[in-house]
Each structure stands twice: as structure tokens, then as C-alpha cells.
Amino acid sequence: MLRRAPRSSVRTSAMTETSNGPTAAPADRRLDLPHPLDEGAAPRFGGTAPVEHLRGVLSACCESSASEVRGRFLILTHMGPDPDALGACEGLRLLLEKGFGHDCVVATHGKVHRAENVALLETLELDLADYESTDVSGFCGVLLVDTQPAFRHTVVPAAPAVVAVFDHHRSPQSDAGAREIPHEDVRVDLGATSSILFEYLRDAGVALDERTASALFCGIRYDTADLSRNASPLDEEAYIETFKLGDRPRIAAIDNPPLSRSYYRHVAQALTTARQHGPLIIALLGRVENPEHVAEMADFFLRMKGCSWVVAGGAFEESYVLSLRTDYSFGKAYPLIERVLGDEGSFGGHGHIAGGRIPMEDPGQSAIGSIERRLLKNALAVISASSEDGAEAPDGRRLDE
Ligand SMILES: [Mn+2]
């Protein structure tokens, strides 16, 4: 028997934001990455099932809209969408079309870089519009998944209004005065937004087709690392059910995507650039052709025996992008990246993963070099501070020595 998700897991928008603890960054520096499990969410929607509440909100939106746009909704997510964002978009598309009989368009903003994410788009042949060339005046409402309007990596139009939000990230402190959203379903105790959409589809009695099931499955798989982190009973149920109904050869193909030549160039460059200082591997790559390579190299090096944390960085367009990974024996990623960045840029993270970004006005070689020197100095200071006798961090060793 599969367990059902507790209905009490929906968070109220009226709840005040609690601090992330002493390591929390000021709201204006936080990127918007998932936070760890959070208890104490309260029921909302006045006891109405979420799917029925949503149905009512969308009907009301239709009734108050001009006839040309009535029943047409725009589904959006954060920039550079990941599998959970894309899975949730597809789940919501199916719900609106088959469950409620509305029309909708899913539009994404920004290029998708990471190989797995590109593979998901291409393998499942997802029908996504480009936000920049979408005429938003042709819709009566906007629905947002895997993000919230106040998050920085999210673009929402001034009109039409955002009528529904589905997310599992903690709301930013800065959204206190934000517009009221008629249907706001934010559950920070869930591993994936795709699981929320699975629940709506299940409760609406909408049958999952192979493509939507596969997209939802990939969303849950990657956001929960195959249920190994932040997985709630709803995530478990959704993962198992969507896998049963998904297209398994395609799911496997998405997990082993073809890699570009530039990926291998970056591996070669990272192998010669990276240095090991005791438990730390630091790989500051200068300019990179694809910002996702920074995170990929951080994942790649963390697997080395004797490595407890990795700092990888690279300059892309007008930003210096930073990825940090830790295996926990050295501490949590969020306070570590805060110390590595010093006072610069913005960052976010949870558990063993963190990311940061430093804007660069002049993205020339000398600016990149000075950012990398500061990051290295800060990272080595963390090692010295954490060593028992306060000894200096060991000299960097090349990985081929
Ligand atoms: Mn997510």
C-alpha cells in the first residue's frame, strides 16, 4: 500500500518567515535554492482540497477576464529550468488541459545548459515557448511552479496577475509586502514541486500519460537524489507511481545524456587547474563556455577519496559562478559558501550543495584573476580555522602528483 501525503503539509502564506538560523544570509544575498526539511506547516485553503481550491480560483479568474483571453493560462518557472521545474510545468499543463479544460502555454526563460536538462527537453519533446517572444497579453492568468514571484531568478509579467504558485522553497523574507496570490501552495517539507503536481493530478482523477509521468519522475528523481534526501511520503508515492507509468527507455536516456566536446575540454582544464589542500579540492577555472560545467566539476571532484569539500568556480558572461559541495564531514554547504564568498555576491544552499554568483562589471582576465585569488584565500582560511592547532592550510598539490 502506498502511503498518502498528509494534507496538513501545505504552508500558509500568512506564516511569518522563520530565520534559517545563525548562518542565514541577508535576504538580498540569498539565491533561491531549496532548504532542508521544515516541520510545522499548517493547513490552508479553508479545509478545501488543494485541487478543488485551484479549480475555483481559475474559474473565478476566467469569469473576471475578457472573452478573448478567458480560459487561457500561462505557466512559468525559474530561469534555467531544472528537471523538477520542467516536470512540474508538464504536470500542471496536463492538469489544466485534461482536469479543468483550460488552454495553456508553458514558457521558459533563459537557456537550458546542463546536459541532463537538455536531454529531458529533447527526449520527451517538451513543447515549450520562449518567454521573451510570448505575448503575455493573450492570457488571463499566470501560474508559477518551483519558484515564487519574489525570487530573483524568476521573471513574471506585470500583467496578467499570478493566480497560483506551487513550490517547495522557503519564501524569501523580502516578500512580506508582495501581492496576494489567490492559490499559493508552498510546501517546504517536500523534496520536489513535481510531487505537488502529482498529488493534484491524482486528486483530480487525471490519468498520467507516458510523457508527463516521465517528466514528473525526472523532477522528483533529481531533486531528491532518488529519494535519498528531503523525501516525504508524498515524494515516495509520486516517484513510484510516475516510474510505473513513465517511458523507461527515455528515462534512462535522460540520465545518461550525450555530453558536448566542451564538457571534455572542461574536464581536461579542471584536472590541470584543480589543487588539493588537505580535505579541499579547489578548481577555479577562469572563463567557462557553459556555467553548468562549474557545478559538474564540483560533483566530479567530490567523489575523490580524501576529499571532503570542493569549491569550483568559473566566469560566465557578467558573473563569476561558484559551486560548493561537501560530504558533511567538513560541515554544511551553506555556512561554508558564505565564508568562501566573504562579503561578495549572492548565494544559497542546503545540505551538501551550495551555489553563489559574483556580478562582474568588467569581466576581463584581471578581474577574474583577482576574484579567484580572493576565493582561494577565503577557502584556505576556512581550513586553517578548522584545523585543531590553527596551522596554515597545506600547500596545494596538483592532482597528477
Ligand atoms: Mn524543485
Side-chain angles (χ1 to χ4, degrees), residues 5 9 32-35 50 75-96 104 106-110 112-128 143-148 151 153-154 164-169 185-202 206 208-248 250-257 292 295 350-351 353:
S9 58
D32 309 308
L33 295 172
H35 286 272
I75 298 174
L76 300 175
T77 184
H78 53 78
M79 294 172 81
D82 59 12
D84 188 34
L86 296 170
C89 284
E90 291 307 305
L92 187 52
R93 185 207 300 269
L94 185 68
L95 180 72
L96 294 197
C104 62
V106 178
T108 55
H109 193 290
V112 176
H113 290 283
R114 190 152 182 149
E116 287 82 357
N117 305 354
V118 174
L120 192 149
L121 286 180
E122 292 178 353
T123 308
L124 297 180
E125 298 168 8
L126 302 185
D127 178 18
L128 305 177
L143 297 91
L144 206 52
V145 302
D146 202 41
T147 186
Q148 296 169 47
F151 286 172
H153 62 343
T154 298
V165 167
F166 310 84
D167 192 24
H168 65 136
H169 300 101
D185 194 346
V186 177
R187 310 189 204 180
V188 293
D189 55 346
L190 289 190
T193 303
S194 295
S195 301
I196 301 178
L197 274 304
F198 167 82
E199 186 197 79
Y200 280 74
L201 288 160
R202 181 197 69 193
V206 176
L208 290 178
D209 59 76
E210 255 188 355
R211 182 207 307 253
T212 308
S214 304
L216 288 169
F217 175 79
C218 290
I220 303 160
R221 147 173 269 184
Y222 294 113
D223 258 26
T224 66
D226 285 306
L227 302 181
S228 70
R229 63 171 190 236
N230 294 2
S232 69
L234 176 61
D235 294 304
E236 284 173 25
E237 179 190 345
Y239 178 95
I240 293 164
E241 289 300 312
T242 54
F243 186 58
K244 274 192 210 160
L245 299 168
D247 181 330
R248 293 181 205 173
R250 289 190 183 185
I251 287 171
I254 291 164
D255 202 38
N256 273 302
E292 287 296 338
H350 62 103
I353 292 175

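Within the model, atoms OG1 of T193 and CG of D223 stand 7.0 Å from one another, a figure rounded to the nearest 0.5 Å. For the atom pair CG (L197) and CZ (R93), the distance works out to 12.0 Å, reported to the nearest 0.5 Å. Taking CG of D255 as the reference point, atom CG of L120 lies at 10.5 Å (rounded to 0.5 Å). The distance from atom CD1 of I220 to atom OG1 of T242, rounded to the nearest 0.5 Å, is 4.5 Å. To the nearest 0.5 Å, the span separating CD on E90 from CG on D127 amounts to 8.0 Å. Note that CZ of R250 is 7.0 Å distant from CG of L124, once rounded to the nearest 0.5 Å.
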#### Entry: Verdict with reasoning, E199 to L190, per side chain to side chain contact (heavy atoms under 4.5 Å, CB included)
CA-CA 12 Å; E199 186 197 79; L190 289 190; over 6 Å; no
### Task
Any chance you could lay out the side chain to side chain contact (heavy atoms under 4.5 Å, CB included) test for L245 and F217, step after step, and finish with the verdict?
CA-CA 9 Å; L245 299 168; F217 175 79; over 6 Å; no
### Query
How far apart are the C-alpha atoms of L126 and R211, what are their side-chain angles, what is the distance that settles it, and do they pass the side chain to side chain contact (heavy atoms under 4.5 Å, CB included) test?
CA-CA 9 Å; L126 302 185; R211 182 207 307 253; 4.1 Å; yes
### Task
Evaluate the criterion side chain to side chain donor-acceptor pair (under 3.5 Å) for residue pair S194 and D84; output intermediate values, then yes/no.
CA-CA 6 Å; S194 295; D84 188 34; 2.7 Å; yes
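Annotation: side chain of V118 is not in contact with side chain of E292 (no heavy-atom distance under 4.5 Å). In this structure the side chain of L121 never reaches within 4.5 angstrom of the side chain of T108, judged on heavy atoms.
Side chains of H168 and D146: a donor on one and an acceptor on the other come within 3.5 Å. A donor and an acceptor atom, one from each side chain of D167 and T147, are nowhere located under 3.5 Å apart.
In summary, E237 and R202 engage in a salt bridge, as defined by a charged side-chain N under 4.0 Å from a carboxylate O. A salt bridge does not link E116 with R221: every distance from a Lys NZ or Arg NE/NH1/NH2 to an Asp or Glu carboxylate oxygen is 4.0 Å or more.
Relative ring orientation between F166 and Y200 is described as perpendicular, the plane-to-plane angle rising above 60° on a 0-90° scale split at 30° and 60°.
Judged as a ring-ring contact (aromatic ring centres under 6.0 Å, His included), and not counting sequence neighbours, F198 has no contacts. Under the ring-ring contact (aromatic ring centres under 6.0 Å, His included) criterion, Y222 pairs with no residue, sequence neighbours left out.
The minimum heavy-atom distance linking V145 with T77 is given by the pair O-OG1, 2.8 Å. Among all heavy-atom pairs drawn from L76 and A107, the shortest one is CD2-O, 3.5 Å. The heavy-atom pair separating L216 from G91 by the smallest distance is CD2-CA, 4.1 Å. Considering every non-hydrogen atom in both N117 and P83, the closest pair reads OD1-CD, 3.1 Å. Of all heavy-atom pairs between V186 and H169, the closest is CG1-O, 3.3 Å. Smallest separation of non-hydrogen atoms from D189 and S232: O-CB, 3.7 Å.
Without hydrogens or angle criteria, S214 side chain to D247 main chain gives a donor-acceptor distance under 3.5 Å. Although no hydrogens or angles enter the test, the distance criterion places no donor-acceptor pair under 3.5 Å between the side chain of E236 and the main chain of L227. Formation of a donor-acceptor pair under 3.5 Å by the T212 side chain with backbone atoms of L208 is not found in this model.
Cation-pi geometry between R248 and F243 is met: under 6.0 angstrom from the ring centre, within 45 degrees of the axis.
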